[in-house]
Amino acid sequence: MKNKKIKENKAKIGLKPYLKRYKIQIILYILIYAIASACDILQTILFADIIEKITFNLYLDAIYSLLFVIGVVIIKRLGWYLSNRIYYKYTNRIMSELNFDLARQAFKLNSKTYSDNDIGTFVQRIVADPERIVTNLSDVIITLMDMVSALVIIIYITTLNVYVSLILIGLIIICALFEIKRVKVFKKNRVDTRKKNDKINSLTTEIVRSEKDIKSLGLEQKLEEVSKENYDSYKKASYKLSMTDCNFWSFRNTLIEIVTIGVLILGVYFMDLGTMTMAAFMIVYSNRGYIYDLVWSAGNISSKFAEIRVCKDRMFALFDDDRFATEHFGNVHLDKLKGEIEFKNVSYSYVEYEEEKEEENKKRKKRDKNTKKQRKIASTNQIFENLNFKIKPNTTVAFVGRSGSGKSTILNLMSKMYVVDSGEVLIDGVNINDLDKETLRNGISLVNQFPYIFDMTIKENMSLAKADATEEEMEDALKKASLWEFVSSLPKGINTRVGEGGIKLSGGQKQRLAIARALLRNSAIIIFDESTSSLDNFAQEDIKKSIDALKGESTIIIVAHRLSTIRNSDVIYFLDQGKVLDVGTFQELFDRNELFRNMFVAENLT
C-alpha cells in the first residue's frame, strides 16, 4: 500500500500530467495556430509570385493574386484570434492547478524544511515559476511555428540558386553550433539569477512584516545596507546573464547580416552574368530577414526550453524528500487520545547541510542513486541524547530551563513538527511515527510564541480551528483566553477583520486569539510554547486561570520563561543543556534545587 502511494506521488511530478489533462485543447490550439502560420507562409510566397508577375508585366494576374491574398489574411487573423482565446482560457487553468498542487505540497513539508530555507524559496517556486513555465511553453509553440515559416521561405529561396543555397546552409549550421554553446551558458547564469531573486523576495517580505520593529529599533540604515547588498548581488547576476546573452546574440546577428549582404552581392554578380532574374533577386532581397528569423527562433526556443527546465527543476524540487523533507505519518488511528506522552531514549540533533547547487544536486542524485548517499553535513548540534520521561494523561506539566536547554525542541518532537534521530516518542503507548495525521492533528493543539493570525475576521480565524463551532462556543473560548471583553467592545464584534498577520491587534491580543483557537478545538493535548510571553501581568493571570480551569480535562504542556506562570503545574521538568536536572512540583524544586530557586528569585527581582 505504501509503495503504491509513493508511485502515485512520483507520477504527479512533472508537467506531463497537467498538459495531458488538456491535450485536446492543446492539440486544437496548435492546429489552429499552425493553420494561421501556414496562411502567413502562403501570403509571403504569394507576394513573391506577385513580384515576379509584375516584373513580367502580368498586371491582371497580379491583381487576382492580391484578391486571393485578402482571403488568406482573413483566415490567418481569425486563426490567431481563436488560438489566443484557447490560450488565455486554458493556460490560466494549468497555472492555477500547478499553483494549487505546489501549495498543497508545501503543507506536507516538515517544520525543519521551513526553518532551513527562506520565504522566497517557496513563494517563487509556488507562485512565479508555474506562470513562467506556461508562458514559455506557449512562446515555444509560437516560435516553433515562426521557425517553420522561416524555414519554408528559406527553402524556397535556396531553390533559386545552388550557390545561395550552399551559403545559407553553412550559415545555419554555424549559428546552430553557436546557439548550443549560448544556451548552456544561459541556463547556468539563469539558475544563479533566480537564487539571488529568491533572497530579494525573502528580504522584502521580512522588511514589510517587521516595519514596526525596524523603525522602533532604528534599523533602517542597517537594513538599507543589507538590501543594497542583496540588490547589487542580483543586479550583477542579472547583468551578467543579459550581457553574456547579448554578446552571443550580437556576434551571431553580425555574422548573419554580413553573410546575407554577401548573398545579395553574389546575386548582383549572377544577374550580371544573366543566371539570375531581377524577380529572383527581389525575392531574395525582400525575404532575407527570414534567415535572421530562423536562427533567432531556434535560439529563442533553446532559451525558452532552458528557462522551462530551470523552473521545472525548481518547482518539482519541492517533491524531492532529500532536499525538501516532508512529514510522514503512519496508519494507526485513535478516535480519542487519552493524552499520555512518553519519551524513551530519545536523541535529536540539529543538522546543517552544505549548500548545494542545482546541478551538483542532480549529479549527486544520479551518481548515488543506488547507494542513497545523503548531502554533505556542514555541522551537527546534538540537543538530546537518551532523553526519558513520561507524562500522565490530564496532568499539567511544565518544562523550564535556560535558553537553549531544549524546551521548545521537546514540544516540536511531541507534536511531530520534528522527528527523532533515535528512540521513541509515544502517545498513548503508540509510537508517534505510527499514528496517522488525523489522530495527531486533531489530538494535539499547539500555541506558539509568535502565532500567525490570518487576514480574516475574528470569527473566521476561530472557524479555522473548528469549522462547525457555534458563536456560543467561540464566545466561551474567547472568555477563557481573556479576549472577550476586547472583542465585544469592537463595533463589529466577532466579525471584525484583523488585517494581515493580525496587524490590527496588539501582540498580547494575537496570542490570546491563538489561545482561544486552541481551546476551541478541545484537544486531548494542548501545548503552550511561551504563549504568555507578550501578555501583561493582568492578562497573564487571566490565562493562568484559564489553564487551571482546563486541569483534569486535557494534558497541558507548558514552556515558559516566567516561572510564576507554571507554579500550579502538577509536574515541572527542569532542563539544562538537553538533560533533565530535576523533576517535581514547583515547591519541591524551589526547596531542593538552588539553580531553580535562583532563577525564580532573579525573575521576581527584575
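All residue numbers in this chain count up from 1 along the given sequence. Predicted model only: the values in this text are computed from it and were never measured. Values reported hereafter were calculated over all heavy atoms of this structure, with side chains retained and with hydrogens, waters and symmetry mates removed.
- T457 contributes no side-chain N or O that, together with a main-chain N or O of T496, makes up a donor-acceptor pair within less than 3.5 Å.
- Salt bridge status for D476 with K479: absent, with no side-chain N to carboxylate O gap under 4.0 Å.
- The main-chain N or O of V571 is never found under 3.5 Å from a side-chain atom of T585 such that the two would form a donor-acceptor pair.
- Counting non-hydrogen atoms of other residues, nucleotides and ligands closer than 6.0 Å to CD of Q577 gives a total of 12 or fewer.
- Note that NZ of K437 and CG of N442 are 10.5 Å apart. Values are rounded to the nearest 0.5 Å.
- Across all their heavy atoms, I453 and A514 have their closest contact at CD1-N, 4.4 Å.
- Here the side chains of I572 and V583 are not in contact, with every heavy-atom distance at 4.5 Å or above.
- Cation-pi geometry between K416 and F329 is met: the NZ or CZ atom falls under 6.0 Å from the ring centre, inside 45° of the normal.
- For N461 (side chain) and F454 (main-chain N/O), a donor-acceptor pair under 3.5 Å exists by modelled atom type.
- Using bins of under 30°, 30° to 60° and over 60° for the plane-to-plane angle, the ring pair Y418/Y348 lands in the parallel bin.
- Under a 3.5 Å cut-off, the side chain of R512 and the backbone N or O of A481 do not form any donor-acceptor pair.
- The backbone N or O of G330 sits nowhere less than 3.5 Å from a side-chain atom of D434 that would complete a donor-acceptor pair.
- When atom types are taken as modelled, the side chain of D335 and the backbone of H333 share no donor-acceptor pair closer than 3.5 angstrom.
- Ring geometry, Y573 versus F399: the interplanar angle falls under 30°, so the pair is classed parallel (tilted spans 30 to 60°).
- Of the possible donor and acceptor atoms, none in the side chain of D570 sits under 3.5 Å from a partner among the backbone N and O of V397.
- Counted by atom type alone, S96 and N99 present zero donor-acceptor pairs between their side chains at under 3.5 Å.
- Between F343 and F389, the ring planes lie parallel to each other; the angle is under 30°, not in the 30° to 60° tilted range.
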